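Just so we're clear, the structure is a prediction, and the values are computed from it rather than from any experiment.
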Amino acid sequence: MAVSFLLSLSSRFLRRSIAAAGLTSQTVEIDDDGGTTIHLWGPPAPTSKPPVLLIHGLGPQSIWQWRNQISFFARDFDVYVPDLLFFGDSFTKSTDRTEIFQATCLAKLLQKLGIPRYSIVGTNYGGFVAYHMAAMWPERVEKVVFASCAVNMSQRDTNELMERAKVEKIEDLLMPVNATQLRKLLSFIAVRPPYLPDFLLKGFAEKLYSKSRKEKLELLKEVTIGKDDTVTISPLQQEILIVWGEHDQIFPLEKAVELEKLLGEKARLHVIKNASHANHLEQAAQFNNVVNNFLHGP
């Protein structure tokens, strides 16, 4: 009861602040047969501002993950904040669960919205989606920001993460179902995780991670990046900013250093001090300024 009330109150406040920034809640059918529907927050119509796509990671729906970025970037950009398939109100009848399919759906969405060229900021799983969009449609994607996203990960990285977390399955860490699992996840994504009593953590895990759980587990299983110990990513044509928390326990900092080299001479790395995996939430002001300068740059 308490968790439902807190989430409902917070959600109303968050939606009002996003609406005050000029964004509206929209639902778009991207296929003629209505098989795939994507929900997003964005401007009612494109303006003269440059468009930026914010792609969330695993966890709650998009506006919760980007709550510290939306109003900030909406001042200078047309900000589009979609819910990936099986998050929020986005859904598909397709059985394809790869991040490549997610990328294809977002590209169709932006085409439907009449946005021919845009920059992308992706965090965690959303960075995987961003990588494929940039690789498949370089003529559409102008700049790319990878926030705490090891698109250079391997199966070994996943195995080592499970060892660090002392879990038998990766979903036991990334898709918590109880207070113990959620507390562990928070300790891995934040330098100073907030203390919450078990009854609240249990309620948050149930409310934020239970919807479309079967499909989300399928998404996790079908990620094409990191399937084996061979890193197969190629350099991208776009200007790239890599933003990483100094103390990231999901993707250690050495993966960021490696990624900068793999993505080529157009990539540069910025490390945020006193931050972990969720650095865009922990150190929001620094994250926002770094990304803003990059997007406004040449």
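- If you take OG on Ser212 and CZ on Phe87, they are separated by 9.0 Å, rounding to the nearest 0.5 Å.
- By the neighbour-count criterion of 12 heavy atoms within 6.0 Å, atom CD of Glu254 is densely surrounded, having more than that number from other residues, nucleotides or ligands.
- A ring-centre distance under 6.0 Å is found for Trp66 and His280.
- Cation-pi geometry between Arg75 and Phe72 is satisfied (NZ or CZ under 6.0 Å from the ring centre, within 45° of the ring normal).
- Scanning both residues, Glu282 and Ile189, for their nearest heavy atoms gives OE1-O, 3.6 Å.
- Around CD of Glu160, the count of heavy atoms belonging to other residues, nucleotides or ligands within 6.0 Å exceeds 12.
- With 3.5 Å as the limit, one finds a donor-acceptor pair spanning the side chains of Glu258 and Asn152.
- Within the model, atoms NE2 of His277 and CG of Asp248 stand 5.5 Å from one another, a figure rounded to the nearest 0.5 Å.
- Using modelled atom types and a 3.5 Å distance limit, the side chains of Gln61 and His56 yield no donor-acceptor pair.
- Using a 4.5 Å cut-off between side-chain heavy atoms of Ile, Leu, Val, Met, Phe, Trp and Tyr, with links allowed through other members, Leu200 and Val177 fall into different hydrophobic clusters.
- Around atom NZ of Lys221, no more than 12 heavy atoms belonging to other residues, nucleotides or ligands sit under 6.0 Å away.
- Taking 4.5 Å as the limit, every side-chain heavy atom of Val121 sits out of range of all side-chain heavy atoms of Phe73.
- When atom types are taken as modelled, the side chain of Lys266 and the backbone of Leu236 share no donor-acceptor pair closer than 3.5 angstrom.
- Salt bridge present: Lys211 and Asp89 bring a charged side-chain N and a carboxylate O closer than 4.0 Å.
- A donor atom on one side chain and an acceptor atom on the other are not found under 3.5 Å apart for Glu163 and Asn159.
- For Gln65 (side chain) and Pro60 (main-chain N/O), a donor-acceptor pair under 3.5 Å exists by modelled atom type.
- In this structure, the side chains of Gln102 and Val129 come closer than 4.5 Å at one or more pairs of heavy atoms.
- In this structure, Thr123 contributes its side chain and Ala147 its backbone to a donor-acceptor pair below 3.5 Å.
- Residues Ala179 and Asp198 come closest through the heavy atom pair CB-O, 3.5 Å.
- Using modelled atom types and a 3.5 Å distance limit, the side chains of Thr98 and Asp96 yield a donor-acceptor pair.
- A salt bridge between Glu246 and Lys273 is present, with a side-chain N of the basic residue lying under 4.0 Å from a carboxylate O of the acidic one.
- Between Arg117 and Glu142, the shortest heavy-atom contact is NH2-CA, 3.6 Å.
- Note that SG of Cys149 and NZ of Lys255 are 11.5 Å apart. Values are rounded to the nearest 0.5 Å.
- Under the side chain to side chain contact (heavy atoms under 4.5 Å, CB included) criterion, Glu29 pairs with Thr37, not counting sequence neighbours.
- The backbone N or O of Val79 sits nowhere less than 3.5 Å from a side-chain atom of Lys49 that would complete a donor-acceptor pair.
- Exactly one residue among Leu208, Leu186, Leu185 makes a side-chain contact (heavy atoms from CB on, under 4.5 Å) with Pro176. That residue is Leu185.
- Summarising the local packing, NZ of Lys143 is surrounded by more than 12 heavy atoms from other residues, nucleotides or ligands at distances under 6.0 Å.
- Summarising the geometry of Ala21 relative to Ser71, their closest heavy-atom pair is CB-OG, 3.8 Å, with the distance given to 0.1 Å.
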Indicate every side-chain donor-acceptor pair of residues 288-298 with a distance under 3.5 Å to a residue at least two apart or in another chain.
from   : atom 1 : to     : atom 2 : distance (Å)
Asn288 : OD1    : Gln69  : NE2    : 3.0
Asn288 : ND2    : Asn68  : O      : 3.0
Asn288 : ND2    : Ala284 : O      : 3.3
Asn289 : ND2    : Ala285 : O      : 3.1
Asn292 : OD1    : His296 : NE2    : 3.4
Asn293 : ND2    : Asn289 : O      : 3.2
His296 : NE2    : Asp76  : OD2    : 3.3

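- The CD atom of Gln238 sits 10.0 Å away from atom CG of Leu263, with the distance rounded to the nearest 0.5 Å.
- Side chain of Arg67 to backbone of Trp64: a donor-acceptor contact under 3.5 angstrom is found.
- Side-chain contact, Ser148 with Asn279: a donor N or O sits under 3.5 Å from an acceptor N or O.
- For the atom pair CD1 (Ile100) and OG1 (Thr224), the distance works out to 4.0 Å, reported to the nearest 0.5 Å.
- Minimum heavy-atom separation, Arg164 to Gln249: NH2-O, 2.9 Å.
- Put simply, the side chain of Arg140 never gets that close to the backbone of Tyr118: no donor and acceptor are under 3.5 Å apart.
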Would you check, one step at a time, whether the test side-chain contact (heavy atoms from CB on, under 4.5 Å) holds for Met153 with Phe128?
CA-CA 10 Å; Met153 70 176 290; Phe128 297 170; 3.5 Å; yes
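- A donor-acceptor pair is defined here as one N or O able to donate and one able to accept, closer than 3.5 Å; such a pair exists between the side chain of Ser90 and the backbone of His39.
- For Gln283 (side chain) and Asn274 (main-chain N/O), a donor-acceptor pair under 3.5 Å exists by modelled atom type.
- Other residues, nucleotides and ligands place more than 12 heavy atoms under 6.0 Å from the CD atom of Glu139.
- Between Glu222 and Arg97 no salt bridge is recorded (no basic side-chain N to carboxylate O distance below 4.0 Å).
- A distance of 11.0 Å separates CG in Leu40 from CG in Leu54, rounded to the nearest 0.5 Å.
- When every heavy atom of Gln26 is checked against every heavy atom of Thr24, the shortest pair comes out as NE2-OG1, 3.1 Å.
- Annotation for Arg213: atom CZ counts as buried by contact number, over 12 foreign heavy atoms lying within 6.0 Å.
- Relative ring orientation between Trp244 and Phe251 is described as tilted, the plane-to-plane angle lying within the 30° to 60° band.
- For Ser187 and Arg183, the side-chain atoms include no donor-acceptor pair closer than 3.5 Å.
- Side-chain contact between Trp41 and Asp83 is absent, with no heavy atoms from C-beta onward closer than 4.5 Å.
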